[in-house]
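I have placed the structure first, in the form of structure tokens, so that the comments after it can refer back to it.
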Amino acid sequence: ELKVEQNPLFLSMQEGKNYTIYCNYSTTSDRLYWYRQDPGKSLESLFVLLSNGAVKQEGRLMASLDTKARLSTLHITAAVHDLSATYFCAASNTGNQFYFGTGTSLTVIP
Amino acid sequence: DAGITQSPRHKVTETGTPVTLRCHQTENHRYMYWYRQDPGHGLRLIHYSYGVKDTDKGEVSDGYSVSRSKTEDFLLTLESATSSQTSVYFCAISEAGKGTEAFFGQGTRLTVV
């Protein structure tokens, strides 16, 4: 069973600042996913990372994967209020089971 | 949006009663999952299915059972609801193969009183 750990659990950042969310996982996996969840809503897929060194970017968010370190990062550049949400990383195994971290609650302050 | 419908969306039930939650998909995806979401725990896998009548346990399966008699439907049953099963339940689907992410339904908020 995959164990996925995220940190920090809570993140309060000022608009315009940069920050990184970290996601570590316990066993070999080359399938890493990032999701966003707004309060009271479902989860929305942001990124799919499938190989060592993979990097994906969308707007102010950039995700990367280092399979050797079992680490993925979600970097936020010049944060804006609209990015306030909870972000989850998940890893999957060859059995197509998805294991999630506890989430990072991001609040962007004007 | 992926065609996933959960029903009911909200339910209040009494301790000790059986409860069934339904997940219906229109995507013909092979895999279906039930998760529960609780503060401080993220999403935890309850059960999943890899085909009609093919199911397996996840991390937190005690007190839950599932059935999948058709590709499009995946039912989660709480055999005798307890207050610890108060949670938000999400259904998800995924196609087979590497790199296919899971898509989530809107969730069911269940309160056991």
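Chain naming here is simple, since letters A, B, ... match the order of the sequence lines and numbering starts at 1 in each.
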- Query: Any idea which of A:S92, A:G101, A:A90, A:G95 has the most non-hydrogen atom pairs under 4.5 angstrom with chain B?
  - Reply: A:G95
- Message: Please check this pair: side chain of A:R60 against backbone of A:A78, looking for a donor-acceptor N/O pair closer than 3.5 Å.
- Response: yes
- Query: Tell me, side chain or backbone of A:Q6 under 4.5 Å from chain B's heavy atoms, or both, or neither?
  - Reply: neither
- Would you please classify the geometry between the A:F100 ring and the A:Y35 ring as parallel, tilted or perpendicular, with 30° and 60° separating the classes? tilted
- Side chain, backbone, both or neither of B:L45 within contact of chain A (heavy atoms, under 4.5 Å): side chain
- Item | Minimum-distance pair of heavy atoms, taken over all atoms of B:S83 and B:T15 | N-OG1, 4.5 Å
- Item | Proximal component of B:Q6, with respect to chain A [non-hydrogen, under 4.5 Å] | neither
- Item | Top contributor to chain B interface from A:S45, A:S42, A:S105, A:G103 [non-hydrogen pairs under 4.5 Å] | A:S42
- State, yes or no, whether a side-chain contact exists between B:V66 and B:S49 at a heavy-atom distance under 4.5 Å. no
- Query: With a 4.5 angstrom heavy-atom cut-off, which part of A:F98 approaches chain B: side chain, backbone, both or neither?
  - Reply: both
- Query: Under a 4.5 Å heavy-atom cut-off, does chain A meet the side chain of B:Y50, its backbone, both or neither?
  - Reply: neither
- Can you tell if the side chain of B:Y48 reaches within under 4.5 Å of the side chain of B:D56, non-hydrogen atoms only? yes
- Contacts of type side chain to side chain contact (heavy atoms under 4.5 Å, CB included), residue A:T73, not counting sequence neighbours: A:T20, A:Y22, A:S64, A:L71
